[in-house]
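Below is one structure, written out as structure tokens; the observations come after it.
Here is the naming used below: chain letters follow the sequence lines, and residue numbers restart at 1 for every chain. What you are looking at is a predicted structure, and each value in this text was computed from that prediction instead of being measured.
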Protein chains: 2
Amino acid sequence: MTEPQWKSALYVLRGQIVSGELLGGTKLRASHLADKMGISRTPISEALIKLEGEGLLVRDKSGFTVRSFALEEVYDAIDLRGLLEGAAVKKAAQRGISDTDFQRLNQRLAELDRVIADGQVGEYDQLNHDFHVYLTALSDSDILIAEVQRAYRFPFAGPSAFPTLAADSKRFRTSLLIGQQHHQHIVEAIYTRDGARAFALMLEHARLAHDNVSIASSAREFTPQLALVKQSR
Amino acid sequence: MTEPQWKSALYVLRGQIVSGELLGGTKLRASHLADKMGISRTPISEALIKLEGEGLLVRDKSGFTVRSFALEEVYDAIDLRGLLEGAAVKKAAQRGISDTDFQRLNQRLAELDRVIADGQVGEYDQLNHDFHVYLTALSDSDILIAEVQRAYRFPFAGPSAFPTLAADSKRFRTSLLIGQQHHQHIVEAIYTRDGARAFALMLEHARLAHDNVSIASSAREFTPQLALVKQSR
DNA sequence: TCCGGCTAATTTGCATGCAAAGCCATTCAG
DNA sequence: CTGAATGGCTTTGCATGCAAATTAGCCGGA
């Protein structure tokens, strides 16, 4: 573990926040966290500052607090992710991609098909995430890539934010199929250099996640991550 | 000055970076900066971490370095700003704005008209910036507002990034007029709830800034901010 | 001249001390 | 009983010490 302490602290804290282990509104005290994690306050502070920059914490007069999101903001975050990913695939389409990239994409599509058919939810989640990353990278724009990554960090905004819903819901399984359809069409649009179509499809693709949020919302007690989201009357 | 020291350090450093006073590739040493600014290394570090989060610095194995941008990345940053502002005005349009907001917008448009006619470039810059902030705020989405603000920080991506070009160039003055035309149409589109039109116009509006960059590029020696931009071939 | 490796000088990451500021709870006036 | 003031406790912001790591300078060999 030659990893700096502020980085591990960052990972731990970010994990606790997005997993709902730390409720929105919780005050994070550097000194307390420091001895709970057995390190000094300096690396903890670095982590807290970074998390503030990511929008997961707010810093008021004295100290950091876990931000809580209104349901509306969750939808906004999802749309933001779609918008940025959409811009990325549009750019990729306009630029044109190589045949090898096209083949790799199709290979990944096939793998996704397989795990969907087999109902391997955990596998799907990982592959889906990687697929989105790969798509974004095709934009060849460091700035876009970085901003998309950033957008993934908002709660529920990542391309694979609902592992727990998993097998249960029929609606959820349907949305996987529709999503996969989107994936295929997006690849097609990129390959045929139809940037506008790729963009539009990606917006729509992200919108699918809205449904997942409302499914999760209606089964709130089974979705610990929702602790971050302000209960609206 | 009850302002924390890390904040003033942040402002100073950010200013020096985006103004081109610090060249891309410059290594920033906390200890050195600390005694140059007469404070300790702790607040300097906070500022550096924040600047890394803003994308203006990169942190390698040991230490922070001023990022340098390829010309292509400058265009990407401008487009990103347009994309986010576009999403904001689209949302504002779909939501609909109040008559008072509409009146305030028109009032601002009139002020902009006036300073353009009078050639008060400094005034224009400030008003233009405020106008863009106001438009963005109409989205009523904290997340979008924050991300737009963030996008402004990239070099040349802000809505008023070229004070120095100012009076000189005829092309620049023309672009002001076209930009103002965009402003008017965007307000119109928002008021008539035509989200798609508002979005498209905002993308196009940001694209105007591309021209400004190339104008500046061709007069590189008069544009110190360009020091951040990697000289291509 | 160019290059590899050695030592010395910085510089970073982390720990910790300390003053000032914020927060809490109790007390006291109305 | 409500609300403001007070005092103590906690926590932050900043400074600084220190070991480990990185960089820079220097020298000798090809």
Side-chain angles (χ1 to χ4, degrees), chain A residues 1-17 21-68 146 150 153 228 230, chain B residues 1-17 21-68 146 153 227-228 230:
Chain A
M1 272 135 305
T2 171
E3 194 173 61
Q5 297 178 293
W6 64 264
K7 257 189 185 175
S8 7
L10 176 64
Y11 297 149
V12 169
L13 289 172
R14 186 156 58 208
Q16 293 182 339
I17 293 171
E21 199 169 328
L22 289 168
L23 305 175
T26 308
K27 205 103 186 286
L28 294 186
R29 268 168 265 268
S31 45
H32 180 240
L33 293 171
D35 48 50
K36 203 177 64 163
M37 302 181 55
I39 60 181
S40 88
R41 293 168 313 162
T42 311
I44 296 283
S45 290
E46 291 208 21
L48 295 177
I49 293 168
K50 279 226 140 60
L51 289 169
E52 185 204 2
E54 292 177 12
L56 294 179
L57 299 181
V58 292
R59 187 178 206 171
D60 60 341
K61 198 80 187 192
S62 137
F64 297 87
T65 306
V66 179
R67 174 167 173 188
S68 57
R150 190 179 145 81
R153 300 226 166 86
L228 260 186
K230 246 177 302 201
Chain B
M1 257 114 342
T2 171
E3 193 173 63
Q5 296 177 294
W6 64 265
K7 258 189 184 174
S8 5
L10 175 64
Y11 297 149
V12 169
L13 289 172
R14 185 156 57 209
Q16 292 182 341
I17 292 171
E21 200 169 328
L22 289 168
L23 304 175
T26 307
K27 206 101 187 284
L28 293 186
R29 268 166 256 272
S31 46
H32 181 241
L33 292 171
D35 48 48
K36 205 177 64 162
M37 302 180 55
I39 60 182
S40 89
R41 294 171 340 204
T42 310
I44 296 283
S45 290
E46 291 209 20
L48 294 178
I49 293 168
K50 279 227 140 61
L51 289 170
E52 185 203 3
E54 292 176 11
L56 295 179
L57 299 181
V58 293
R59 187 178 205 172
D60 59 343
K61 198 82 188 191
S62 135
F64 296 87
T65 306
V66 179
R67 174 166 174 188
S68 56
R153 300 223 168 89
L228 261 186
K230 247 177 302 200

Atom [atom1] of [X] to atom [atom2] of [N]: distance rounded to whole Å?
X: B:K27; N: C:dT11; atom1: NZ; atom2: P; answer: 10 Å
X: A:H32; N: D:dT12; atom1: NE2; atom2: P; answer: 11 Å
X: B:L33; N: C:dT10; atom1: CG; atom2: P; answer: 17 Å
X: A:E46; N: C:dA15; atom1: CD; atom2: P; answer: 11 Å
X: A:W6; N: C:dA15; atom1: CH2; atom2: C1'; answer: 18 Å
X: B:I39; N: D:dC14; atom1: CD1; atom2: P; answer: 8 Å
X: B:I49; N: C:dG13; atom1: CD1; atom2: P; answer: 8 Å
X: A:L57; N: D:dT12; atom1: CG; atom2: P; answer: 13 Å

Result for side-chain contact (heavy atoms from CB on, under 4.5 Å) between B:F64 and one of B:I44, B:I49, B:L56 points to B:I49
* Considering only heavy atoms and no angle criterion, is a donor-acceptor pair shorter than 3.5 Å present between the side chain of A:S62 and the base of C:dA21? -> no
Counting any heavy atom closer than 4.0 Å, what does A:I44 reach on the DNA or RNA strands: base, sugar-phosphate only, or nothing? nothing
Check your understanding: Which comes earlier along DNA chain C counting from the 5' end, the contact point of B:L28 or that of A:P43, where each point is its nearest nucleotide?
Key ->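 Going by which nucleotide is closer to the 5' end, it is B:L28.
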When A:Q5 and A:D60 are each assigned the nearest nucleotide of DNA chain C, the 5'-most assignment goes to A:Q5
Among the nucleotides D:dT16, C:dG22, C:dA15, whichever has the atom closest to the side chain of B:R41 is D:dT16
Which of D:dC14, C:dG13, C:dT12 is nearest the side chain of B:R59? It is C:dG13
Do B:K27 and B:D60 have side chains that get closer than 4.5 Å, going by heavy atoms?
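Sidechains of B:D60 and B:K27: in contact.
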Would you call B:L13 and B:L33 a side-chain contact if the rule is heavy atoms closer than 4.5 Å?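 Yes; the side chains approach each other to less than 4.5 Å.
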Next item on the list: Starting from the 5' end of DNA chain D, give me the residue, A:R29 or B:G38, whose nearest nucleotide shows up first.
Entry: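 Checking each residue's closest nucleotide, the 5'-ward one belongs to A:R29.
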Q) Can you find a side chain N or O atom of B:S40 that sits less than 4.0 Å from OP1 or OP2 on D:dA15? A) yes
Margin query: Check this one for me: any side-chain N or O of B:S31 less than 4.0 Å away from OP1 or OP2 of C:dT12?
Written below: yes
_Candidate pair A:Q5 and A:M37, rule side chain to side chain contact (heavy atoms under 4.5 Å, CB included), full reasoning_ = CA-CA 10 Å; A:Q5 297 178 293; A:M37 302 181 55; over 6 Å; no
From the list A:R14, A:R150, A:R67, side chain to side chain donor-acceptor pair (under 3.5 Å) with A:E54 holds only for A:R14
